[in-house]
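To start, the structure itself, in C-alpha cells.
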Amino acid sequence: QVQLVESGGGSVQAGGSLRLSCEASLGYIRGDCLAWFRQAPGKERERVATLSLDVDISNYADSVKGRFTLSLDKTQKTVYLQMNSLTPDDTARYYCALRQGWYGSACPLTGAAYIYWGQGTQVTVSS
C-alpha cells in the first residue's frame, strides 16, 4: 500500500513562493503518474499539474502555467511543486496523487484516474 505525505504548505503574501513536497512510502518508478490537485472551499477540485515518469511529459493548468513547476528529486522518493508569484486565487488545500502503471502517454487530467492520495496541505495567500 502506497502512502503519500505532503508538506510545505503555509501562509504567504501575494507574490511570494512556496514549495510543496510529496513523499511516497515506496518511492516513484517509471510508469507512475504524479499529480497535484487543489480544492478551495466551495469550489470543485482542480488539477494543478501532472508528470508522467514514463514519457517525461508534464502538464499544467492554465491558471498556474509559468508560475508552478513540478519536479522529482534524484532519489525518486519525493515530488515537489514549486509555486512562485502566488496570488490569493491560489489559496486552497493541495493534494498529491499517484496513478501507477501508466505508459506511453501523458498522465490523465481527472482526479478519478488517480488511486493514491495524500492528506493534503493548506496554502493560504493573502493580498
Side-chain angles (χ1 to χ4, degrees):
Q1 183 76 10
V2 176
Q3 291 185 327
L4 304 177
V5 179
E6 301 106 332
S7 60
S11 297
V12 64
Q13 289 191 327
S17 298
L18 285 173
R19 188 176 77 161
L20 305 184
S21 301
C22 179
E23 183 172 354
S25 58
L26 301 180
Y28 298 106
I29 60 174
R30 179 171 174 259
D32 283 350
C33 268
L34 318 177
W36 285 93
F37 290 81
R38 67 185 181 186
Q39 188 165 22
K43 294 186 177 181
E44 293 187 354
R45 183 173 59 194
E46 176 188 18
R47 171 192 56 89
V48 176
T50 63
L51 173 63
S52 164
L53 295 191
D54 180 49
V55 295
D56 195 24
I57 293 175
S58 58
N59 187 291
Y60 296 90
D62 288 343
S63 59
V64 306
K65 203 170 292 184
R67 300 188 298 122
F68 290 14
T69 303
L70 195 158
S71 62
L72 181 65
D73 80 337
K74 292 182 180 180
T75 67
Q76 298 205 241
K77 286 200 67 176
T78 304
V79 62
Y80 300 103
L81 184 68
Q82 178 66 41
M83 307 187 297
N84 299 328
S85 302
L86 287 162
T87 74
D89 288 341
D90 295 317
T91 295
R93 191 164 185 84
Y94 285 70
Y95 300 86
C96 66
L98 171 66
R99 164 76 182 247
Q100 297 173 317
W102 192 270
Y103 297 94
S105 65
C107 293
L109 303 182
T110 58
Y114 292 81
I115 309 301
Y116 301 103
W117 291 81
Q119 80 288 352
T121 185
Q122 180 67 33
V123 171
T124 303
V125 184
S126 58
S127 57

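Computed from heavy atoms alone, side chains included, the values below leave out hydrogens, waters and symmetry copies. Because the structure is predicted, anything quoted here is derived from the model rather than measured.
Within the model, atoms CZ of Arg19 and CG of Leu81 stand 10.5 Å from one another, a figure rounded to the nearest 0.5 Å. Between atom CD1 of residue Ile115 and atom CH2 of residue Trp102 there is a gap of 10.0 Å, rounded to the nearest 0.5 Å. In this structure, Arg38 CZ and Arg45 CZ are separated by 14.0 Å, a value rounded to the nearest 0.5 Å. Between atom CG of residue Leu109 and atom CD of residue Glu46 there is a gap of 12.0 Å, rounded to the nearest 0.5 Å. Put simply, CG on Asp32 and CD1 on Ile29 are 5.0 Å apart, with the number rounded to the nearest 0.5 Å. Here the CG-CG distance, from Asp56 to Leu51, works out to 6.0 Å after rounding to the nearest 0.5 Å.
Hydrophobic clustering (ILVMFWY, side-chain heavy atoms < 4.5 Å, transitive): Val79 and Leu20 are in one cluster. Val12 is connected to Phe68 through a chain of hydrophobic side-chain contacts under 4.5 Å among Ile, Leu, Val, Met, Phe, Trp and Tyr, so both are in one cluster. Follow the hydrophobic side-chain contacts under 4.5 Å out from Leu18 and you reach Leu72 in the same cluster. Cluster membership for Phe37 and Tyr116, using ILVMFWY side-chain heavy atoms within less than 4.5 angstrom, is not shared. Put simply, Tyr94 and Leu4 are part of the same group of oily side chains (I, L, V, M, F, W, Y) that touch within less than 4.5 Å, one to the next.
At least one side-chain heavy atom of Cys33 sits under 4.5 Å from a side-chain heavy atom of Pro108. Under the 4.5 Å side-chain criterion, counting only non-hydrogen atoms from C-beta, Leu53 is in contact with Gln76. Residues Arg47 and Cys107 fail the side-chain proximity criterion, which asks for heavy atoms closer than 4.5 Å. Side-chain contact check for Thr69 versus Tyr60: some heavy-atom pair is nearer than 4.5 Å.
The aromatic rings of Trp117 and Tyr95 sit perpendicular, their planes meeting at an angle over 60°, well past the 30° parallel limit.
At least one donor-acceptor pair closer than 3.5 Å links the side chain of Gln119 to the backbone N or O of Glu6. Panel note: side chain Asp54, backbone Gly104; a donor-acceptor pair is recorded below 3.5 Å.
Among all heavy-atom pairs drawn from Ser127 and Pro88, the shortest one is CB-CG, 3.9 Å. When all heavy atoms are compared, the tightest approach of Leu70 to Leu34 is CD1-O, 4.4 Å. Considering every non-hydrogen atom in both Ser52 and Ala106, the closest pair reads CB-CA, 4.4 Å. Closest non-hydrogen pair, Thr91 versus Gln122, comes out as CG2-NE2, 4.1 Å. Taking each heavy atom of Glu23 and Tyr28 in turn, the nearest pair found is C-OH, 4.3 Å. Nearest approach of Ala92 to Ala40, heavy atoms of both residues: CB-N, 3.8 Å.
Atom CD of Gln3 sits in a sparse spot, with 12 or fewer heavy atoms from other residues, nucleotides or ligands closer than 6.0 Å. In this structure, Lys43 places its NZ atom where only 12 or fewer heavy-atom neighbours from other residues, nucleotides or ligands lie under 6.0 Å away.
Judged by distance alone, the side chains of Arg99 and Tyr114 never bring a donor and an acceptor atom under 3.5 Å apart. In the model, Asp73 has a side-chain atom that pairs as donor or acceptor with a side-chain atom of Thr75 under 3.5 Å.
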Point to revise | Pair Met83-Val48, side-chain contact (heavy atoms from CB on, under 4.5 Å): steps then yes or no | key: CA-CA 11 Å; Met83 307 187 297; Val48 176; over 6 Å; no
